There are 2 protein chains.
Amino acid sequence: MRLKTINSWLGIRAEVLSRIYDRTWKPGDLIPKEIDLAFEFGCSRTTVNRALRELAEAGTLERRRKSGTRVSLNPANKATLKIPLIKNEVNKIGKTYGYKLIQRKLCLPPDKIKNKMRINSGIKILHILALHTANDLPFVIEDRWINQHVLPESEKQNFKEHSANEWLVLNAPYTHGTISFSAINSSAENAHLLSIKSGAAVFEIERNTFDKENAITNVCLTYERGYRMLTTF
Amino acid sequence: MRLKTINSWLGIRAEVLSRIYDRTWKPGDLIPKEIDLAFEFGCSRTTVNRALRELAEAGTLERRRKSGTRVSLNPANKATLKIPLIKNEVNKIGKTYGYKLIQRKLCLPPDKIKNKMRINSGIKILHILALHTANDLPFVIEDRWINQHVLPESEKQNFKEHSANEWLVLNAPYTHGTISFSAINSSAENAHLLSIKSGAAVFEIERNTFDKENAITNVCLTYERGYRMLTTF
DNA sequence: AAGTGGTCTAGACCACGGC
DNA sequence: CCGTGGTCTAGACCACTTC
């Protein structure tokens, strides 16, 4: 029996969430098939499909051909983090952004970096060390390696005015990458740059970016003391 | 002119990514409108829309009515993190999961928690402290507050066999929440529980979950030394 | 006012996966 | 085999944004 008319996929998503929420449909339960929901809501199957697909992508539902759609037992809390340009991140919290290049030179990467960037031989690559500031206080250390053999244009940049961060976004197409987040006791050097005590816990983000099988860049961002990465769900 | 036939949204997404990658369309550029792409690819506008919508959700494109679709200036900025049940997280790395309840009692929350959970008066709420282990070694400390006034069933649970983490997923519907990630110098208590040195940097995830305006639970997860949260893009 | 994306429809065919 | 979700189509109308 047709109960109500909901002709938008957002409305259907809300209704489905509401039924999960009020435990009409409990974790693990099979919910009606698309056709039946379409009839019940007085809309087309396409619209129901859109709503259920979004919920499945969010981890709320699990769908399988033939067997149907279930309320997920394990709504894998997915948090989407926005990782903006550091400049934008600083501006967003209402502070004045500043940038200072500390070092730029071609040198032999340590083994750790060589492994991550899949560089075998004893070739030199571009190393950049820079400090991003917020209201003239240290905000993030950018410790970056760029494979200028993969990205020859990078060798012509001095990175004095603009950070490698910004230049790469506009000029380095990539195919994929990895990110890792961790907590580190700051080294003496980093502590000095950030004006904190050596050993203080700091938040680090490490990113590796690839062009097919070639590593373009590896960057380690070390944030100011007390930095928190936030998101909502 | 119709150049080629691509009749799946995945194919179109791949083609668009390829053109961004080979710099046919550069960051900031306007790309053709849906109708034109549909004609070029020999498919319906609906299919093009699906492909472009997915790319916009991924942060690769930016779309606006009337003005059209642009290649995002800032594409590498969204990372989706899956935050699974701790049990699943441990199993996934091929280790044996264990759980041990350390404390469970009703008590007055500290001001910090009261603010986060929007609790005003001097009421007692449920506090849980537990340790999750991997191959019998400390993995995560779960330090949780549950508002049993919002979730009366929680008061009947002893959380001896199964963690609050697991029970809540199946029994506590929520409307929204917040997550924050940070780096902390471990307290003496936590260092003891994790068998590490006091002051060692540890990774913390704090989550607040709400049912409309009511806070259901606040949890602080403190991970083993050296823990890394990983994702790819 | 007009251009562009956002969404809905009704119907169709296909792909996967239980049986 | 056959039920269910996955996707595509052609056309339609709407909503937002810029002019």
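Chain A is the first sequence line, chain B the second, and so forth, proteins listed ahead of strands; every chain is numbered from 1. Keep in mind it's a predicted model, so treat the numbers as computed, not measured.
Contact check of residues 61-69 of chain B against DNA chain C (heavy atom, cut-off under 4.0 Å) returns B/R63, B/R64, B/R65, B/K66, B/G68, B/T69.
In this structure, B/H162 has no ring pair (Phe, Tyr, Trp, His ring centres under 6.0 Å) partners at least two apart in sequence or on a different chain. In terms of the salt bridge (charged side-chain N to carboxylate O under 4.0 Å, His left out) criterion, residue partners of B/E153 (sequence neighbours excluded) are, by chain and number, B/K156. Partners of B/R64 according to the side chain to side chain donor-acceptor pair (under 3.5 Å) rule, which considers only residues two or more places apart in sequence or in another chain, do not exist here.
Taking the six-membered ring where tryptophan is involved, the planes of A/Y223 and A/F203 are perpendicular, since the angle between them exceeds 60° and thus also 30°.
For B/F139 and B/H132, the distance between ring centers is not under 6.0 angstrom.
A/L37 places its CG atom 14 Å from the P atom of C/dT9, with the value rounded to the nearest Å. Distance, A/F39 CZ to D/dT4 C1': 19 Å, rounded to whole Å. Atom pair A/I6:CD1 and C/dC8:C1' shows a separation of 15 Å (rounding to whole Å applied). The CD1-P distance, from B/I12 to D/dG6, rounds to 19 Å in whole Å. Rounded to whole angstrom, the span from the CG atom of B/L30 across to the C1' atom of D/dT18 amounts to 13 Å. Rounded to a whole Å, the CD1 atom of B/I31 is 8 Å from the P atom of C/dG5. One atom, NZ of A/K33, and another, P of D/dG6, lie 15 Å apart when rounded to the nearest Å. Distance B/I35 CD1 to C/dT7 C1': 14 Å, rounded to the nearest Å.
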Pairs under 3.5 Å (N/O, protein and nucleotides 11-13 of chain D):
{"residue": "D/dA12", "atom": "N6", "partner": "B/R45", "partner atom": "NH2", "Å": "3.1"}

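At the phosphate of D/dG6, OP1 or OP2 sits under 4.0 Å from a side-chain N or O atom of A/N49. A sub-4.0 Å separation between OP1 or OP2 of D/dG6 and a side-chain N or O of A/R53 is absent.
No donor-acceptor distance shorter than 3.5 angstrom exists from the side chain of A/R23 to the backbone of B/P173, with no hydrogens or angles considered. Side chain of B/R70 to main chain of B/G28: a donor-acceptor pair is present (N/O by atom type, distance under 3.5 Å, no hydrogens or angles).
Residues A/N7 and B/L52 each lie close to DNA chain C; by heavy-atom proximity, the contact nearer the 5' end of the strand is made by B/L52.
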Hey, can you pull the donor-acceptor pairs under 3.5 Å for the side chains in residues 226-233 of chain B, sequence neighbours left out?
{"residue": "B/Y227", "atom": "OH", "partner": "B/E89", "partner atom": "OE2", "Å": "2.4"}
{"residue": "B/R228", "atom": "NH1", "partner": "A/S180", "partner atom": "OG", "Å": "2.4"}
{"residue": "B/T231", "atom": "OG1", "partner": "B/T80", "partner atom": "O", "Å": "3.2"}

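For B/T47, taking side-chain heavy atoms from C-beta onward, the closest of the listed nucleotides D/dT4, D/dC8, C/dG5 is D/dC8.
Salt-bridge formation is not detected for the pair A/R50/A/E34: no Lys NZ or Arg NE/NH1/NH2 atom is positioned less than 4.0 Å from an Asp or Glu carboxylate oxygen.
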